Every structure is written in C-alpha cells, then in structure tokens.
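As the structure is a prediction and not an experimental result, all values here were calculated from the model. Below, all heavy atoms of this structure are taken into account, side chains as well, without hydrogens, waters or symmetry copies. We number each residue from 1, following the sequence as shown.
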Amino acid sequence: MIKTESNSYLLHPADIKKHDRGGGASTTPLVTAGMGASAFITGYTEFVGGAKIPFHFHNCEESVLLVEGNAIFDIDGQEFAIKPQDVTFIPAGVPHRFRNASETEPMKIMWIYGSRDANRTLVETGETRPIAAEHKS
C-alpha cells in the first residue's frame with residue numbers, strides 16, 4: 001500500500017491480509033475508514049467451491065461486482081445467475097446473499113458499501129456487527 005502526499009492510496013490487494021469469515025469465505029478490505037474514507041468502503045470477498053454466505057442485510061446501500069467465477073445472487077425470493085463483470089445494486093435493509101455456483105472453482109466479488117459505518121445483520125439470528133469488525137479496519 002502506498003500513501004501519497006495528498007493522502008491518496010495505491011493498494012496492492014495481494015499484499016493485504018485476508019480475513020477468514022468462515023464457511024469458505026474470506027475478505028480482503030480495500031478502501032476503509034481507517035485510511036480516511038468518509039462516504040464508502042470497499043473490499044473483496046473470495047469463496048471456495050460450494051461456499052455461500054447466509055442471508056443478511058445492511059444499514060446502507062451496497063453494490064457488488066462479480067470479479068471471477070460464477071455466482072448465484074439470492075434476493076426477493078429469486079435466484080439470479082451472475083457472471084464476471086455483472087454488477088448488483090442492493091438498497092439498505094434488503095435481505096440477500098451470494099453463493100458460489102461451482103462446487104470446485106473459486107468465486108470472487110468486490111463490494112462497495114455506501115457508508116464508512118456499514119454493518120451486516122444476519123437474517124437468521126438478528127446478529128448485527130460492523131463490516132470493519134470482520135477485518136479490524
């Protein structure tokens with residue numbers, strides 16, 4: 001990671017620590033509040049073959065870009081197959097999840113939350129925690 005005189009950053013994701021989220025998913029924080037982001041945060045989440053994350057929602061808008069692999073986007077009682085370069089927009093408070101469509105190949109998404117204070121609430125348990133707590137950023 002390179003910080004410039006203007007407090008801008010050049011990030012090299014391969015050099016940033018990944019954080020295990022359990023269930024075959026790991027997250028790499030990219031743009032964070034800790035580096036001065038005031039309006040949004042970003043990162044990658046990688047899924048091993050067959051991995052899925054539980055239904056959840058956020059306190060802010062989210063956009064997800066499928067970077068590699070193939071995925072299934074579950075929202076509003078529907079399933080949508082998504083391929084690399086497909087992008088989603090999810091309003092705050094809307095339950096959703098992503099699943100790796102392959103049992104053997106990895107899948108990777110890039111997420112953007114519309115708040116530096118984004119959180120995730122699991123639908124099944126009601127547990128809420130800040131996104132930043134998952135990777136201590």
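Screening residues 43-71 for salt bridge (Lys or Arg N to Asp or Glu O under 4.0 Å), with sequence neighbours left out, gives Lys18-Glu46. Applying the salt bridge (Lys or Arg N to Asp or Glu O under 4.0 Å) test to residues at least two apart or on different chains, the pairs with a partner in residues 20-41 are Arg21-Glu134. Residue pairs satisfying the side chain to side chain donor-acceptor pair (under 3.5 Å) criterion with at least one member in residues 34-44, sequence neighbours excluded, are absent. Sequence neighbours left out, the pairs with a member in residues 74-93 that pass salt bridge (Lys or Arg N to Asp or Glu O under 4.0 Å) are Asp74-Arg97, Asp74-Arg99, Glu79-Arg99, Lys83-Asp86.
Minimum interatomic distance between Ile53 and Ala25 (heavy atoms only, all atoms of both residues): CG2-CB, 4.1 Å. Of all heavy-atom pairs spanning Thr27 and Pro29, the tightest one is O-CD, 3.9 Å.
Distance OG/Ser26 to NZ/Lys108: 9.0 Å, rounded to 0.5 Å. Rounding to the nearest 0.5 Å gives a distance of 4.5 Å between OG1 of Thr45 and CD1 of Ile109.
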Met107 vs Val67, side chain to side chain contact (heavy atoms under 4.5 Å, CB included): CA-CA, chis, key distance, verdict = CA-CA 8 Å; Met107 182 265 282; Val67 176; over 6 Å; no
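Ile131 is not connected to Leu30 by any chain of hydrophobic side-chain contacts under 4.5 Å among Ile, Leu, Val, Met, Phe, Trp and Tyr, and they are in different clusters. Placement of Leu65 and Ile82 in two distinct hydrophobic clusters is found when ILVMFWY residues are connected by side-chain heavy-atom separations under 4.5 Å, directly or transitively. Residues Phe89 and Tyr113 are members of separate hydrophobic clusters, defined by side-chain heavy-atom contacts under 4.5 angstrom among Ile, Leu, Val, Met, Phe, Trp and Tyr. Each of Ile16 and Ile41 belongs to its own hydrophobic cluster when Ile, Leu, Val, Met, Phe, Trp and Tyr are linked at side-chain heavy-atom distances under 4.5 angstrom. Val87 and Ile112 fall within a single hydrophobic cluster, where Ile, Leu, Val, Met, Phe, Trp and Tyr side chains are chained together by heavy-atom contacts under 4.5 Å.
Residues satisfying the side chain to side chain contact (heavy atoms under 4.5 Å, CB included) criterion with Ala51, sequence neighbours excluded, are Phe47, Val48. Under the ring-ring contact (aromatic ring centres under 6.0 Å, His included) criterion, Phe73 pairs with Phe98, sequence neighbours left out. With sequence neighbours excluded, the residues that form a side chain to side chain contact (heavy atoms under 4.5 Å, CB included) with Glu127 are Leu122, Thr125, Arg129. With sequence neighbours excluded, the residues forming a side chain to side chain contact (heavy atoms under 4.5 Å, CB included) with Met1 are Tyr9, Leu11, Met35, listed by chain and number. With sequence neighbours left out, Ser63 forms a side chain to side chain donor-acceptor pair (under 3.5 Å) with no residue at all. For Pro84, the side chain to side chain contact (heavy atoms under 4.5 Å, CB included) partners at least two apart in sequence or on another chain are Leu66, Asn70.
His58 places a side-chain N or O within donor-acceptor distance of the main-chain N or O of Asn119, the cut-off being under 3.5 Å. A donor-acceptor pair under 3.5 Å is formed between the side chain of His96 and the backbone N or O of Val94.
Residues Phe57, Val123 make up the rest of the hydrophobic cluster containing Phe55, defined by ILVMFWY side-chain heavy atoms closer than 4.5 Å, directly or through other members. Clustering of Ile, Leu, Val, Met, Phe, Trp and Tyr by side-chain heavy atoms under 4.5 Å joins Ile72 with none of the others.
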